[in-house]
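The structure appears below as structure tokens.
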Protein chains: 2
Amino acid sequence: MREGPEIARIAALVADPARSAMLLALMDGRALTATELASVGGITRQTASSHLARLVEREVLVVEAQGRHRYFRLAGSHVGALLEALMVFSSDAVPPLRTGPRDLSLRKARICYDHLAGEMGVMLYDRMLEEGWLGRDLDLTDKGWARLADLGLQHGDLPASNRPLCRACLDWSQRRHHLAGRLGKAVLDRVLALSWARHLPASRVIVFHPEGERRFGEWLR
Amino acid sequence: MREGPEIARIAALVADPARSAMLLALMDGRALTATELASVGGITRQTASSHLARLVEREVLVVEAQGRHRYFRLAGSHVGALLEALMVFSSDAVPPLRTGPRDLSLRKARICYDHLAGEMGVMLYDRMLEEGWLGRDLDLTDKGWARLADLGLQHGDLPASNRPLCRACLDWSQRRHHLAGRLGKAVLDRVLALSWARHLPASRVIVFHPEGERRFGEWLR
DNA sequence: CTCATGGTTCGACGCTAATCGAACCATCCC
DNA sequence: GGGATGGTTCGATTAGCGTCGAACCATGAG
């Protein structure tokens with residue numbers, strides 16, 4: 001391309017129908033896989049792969065590899081701001097996309113390895129960050145320790161190991177982060193021990209009892 | 001082009017180096033001619049003409065014909081907002097462009113047909129709008145009439161005619177509007193009659209005397 | 001009127017970039 | 001181990017669009 005203002009190259013990234021459709025689908029902050037994005041863009045996987053590589057290279061998207069999947073999401077709020085500035089002209093809508101399991105109980109709460117996933121897991125993670133229980137690099141603050149004590153969790157319940165204390169894990173259904181690591185396991189264990197929820201046999205479903213869900217939400221308030 | 005989100009088509013308008021250079025040059029709100037925009041875009045006039053037609057058609061720019069010139073400017077603040085959202089990624093600078101006469105006195109104040117142009121003329125027009133002397137459709141308000149009386153201008157000094165009372169005229173050097181119409185002529189006549197300024201013989205230059213410039217500014221305060 | 005200048009239209013050319021088929025690599029599941 | 005799925009790389013094709021030369025129209029100056 002002939003040289004010119006930088007903004008032309010950025011605009012060109014959005015100017016392709018397939019790429020812009022992918023970006024719109026990511027506007028709600030979720031993370032989607034390459035195959036899903038190929039679908040919303042109406043193109044094949046190999047074409048999408050090339051588009052996504054360019055978007056990551058220009059730091060419009062960030063990518064997170066997890067197993068054989070690669071999750072893409074917007075690189076920051078400035079990308080959302082750009083898309084919104086464009087939507088002023090066009091009034092495009094963000095297309096709905098169902099992700100993950102159809103089963104409502106699975107979407108609500110389930111086990112991911114050994115920690116809590118689904119809506120409840122994402123809520124746990126979000127609230128801990130919002131309320132300052134976790135610092136920016138996922139370190140547990142004094143306030144965080146205090147609130148864990150309210151739940152009955154002490155330092156002793158979280159023995160040191162190679163595994164990190166707190167880790168962010170991409171949620172299959174929500175496509176946002178939930179809490180993993182030793183603390184993720186400890187919180188789930190505690191929720192089960194308190195009988196706020198139970199683990200449905202022979203499945204990954206976690207069923208919250210109404211009273212347990214209320215208390216869980218209150219603890220996070 | 002294959003169908004897809006609207007935002008792709010808007011982004012495509014900015015994605016071209018020549019077009020984005022033109023848009024950047026217009027970011028300060030001035031209006032530039034097609035030939036000038038061709039120059040900042042580094043392209044020929046005929047190419048620029050095609051670009052500008054598309055930008056006007058998509059309502060990114062608006063055009064104002066004046067004599068054999070066509071002045072283009074951004075269609076609104078939402079266009080500026082879009083460009084700024086793009087510049088977050090790139091930190092392009094708005095390129096400087098000298099417009100109009102080199103002669104400083106000509107840039108400062110001059111006659112345009114029969115009314116005041118240049119910095120002083122643009123200031124007059126801007127202040128009248130800011131202070132509510134003029135309404136949105138350039139009608140003279142009660143407040144406006146009162147302040148004109150301070151200058152010694154009565155209704156009788158502005159005889160009715162086919163020519164509109166107030167009109168916006170694009171300023172050659174400033175590339176912004178200044179005050180024209182019967183009122184524009186009347187104000188200039190009055191400024192000259194008060195000896196706040198004089199008309200340099202055999203030229204279009206208006207020279208404000210220091211004291212006159214002070215009083216003029218005070219009147220507009 | 002004649003000339004100069006600003007601007008547009010038309011047509012042809014050339015280049016860039018999006019696209020997909022095919023082959024390949026990596027991971028998960030059994 | 002083998003099969004299935006997610007994802008990438010490579011190469012060839014194709015289509016869209018930016019570009020300018022040439023001709024033309026409109027306005028302003030003398």
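Qualifying ring-ring contact (aromatic ring centres under 6.0 Å, His included) partners for Trp133(A), counting only residues two or more places apart in sequence or in other chains: Trp219(A). For Glu213(B), the salt bridge (charged side-chain N to carboxylate O under 4.0 Å, His left out) partners at least two apart in sequence or on another chain are Lys108(B). In this view, Arg68(B) satisfies the salt bridge (charged side-chain N to carboxylate O under 4.0 Å, His left out) rule with no residue, not counting sequence neighbours. Asp126(B) pairs by the side-chain contact (heavy atoms from CB on, under 4.5 Å) definition with Val122(B), Glu130(B), Arg176(B), not counting sequence neighbours. With sequence neighbours left out, Arg73(A) forms a salt bridge (charged side-chain N to carboxylate O under 4.0 Å, His left out) with Glu64(A). Every residue was checked against the salt bridge (charged side-chain N to carboxylate O under 4.0 Å, His left out) condition with Arg45(A), not counting sequence neighbours, and none meets it. In this view, His209(A) and Arg198(A) satisfy the side-chain contact (heavy atoms from CB on, under 4.5 Å) rule, not counting sequence neighbours.
Atoms CG (Leu37(A)) and P (dG6(D)) sit 14 Å apart, rounded to a whole Å. Here dA15(D) presents its P atom at 16 Å from CG of Asp16(A), a figure rounded to the nearest Å. Nucleotide dG6(D) holds its P atom 19 Å from the CD atom of Glu64(A), rounded to whole Å.
Comparing His51(A) and Gly67(A) along DNA chain C, the residue whose closest nucleotide (by nearest heavy atom) sits nearer the 5' end is His51(A). Residue Arg54(A) is the one, among Gln66(A) and Arg54(A), whose nearest nucleotide of DNA chain C lies closer to the 5' end (criterion: closest heavy atom).
Across its full length, the helix from dC1(C)-dG30(D) to dC30(C)-dG1(D) shows an angle of 30° between the axes of its 5 terminal pairs at either end, rounded to 10 degrees.
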Pick out the pairs of N or O atoms, protein on one side and nucleotides 5-9 of chain C on the other, that lie under 3.5 Å.
unit_1: dT5(C); atom_1: O2; unit_2: Arg68(B); atom_2: NH1; d: 3.1
unit_1: dG7(C); atom_1: OP1; unit_2: Arg70(B); atom_2: N; d: 3.1
unit_1: dG7(C); atom_1: OP2; unit_2: Thr35(B); atom_2: N; d: 2.9
unit_1: dG7(C); atom_1: OP2; unit_2: Thr35(B); atom_2: OG1; d: 2.3
unit_1: dT8(C); atom_1: OP1; unit_2: Arg70(B); atom_2: NH1; d: 2.2
unit_1: dT8(C); atom_1: OP2; unit_2: Ser49(B); atom_2: OG; d: 2.8
unit_1: dT8(C); atom_1: O5'; unit_2: Ser49(B); atom_2: OG; d: 3.1

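Side-chain contact check for Leu148(B) versus Leu140(B): some heavy-atom pair is nearer than 4.5 Å.
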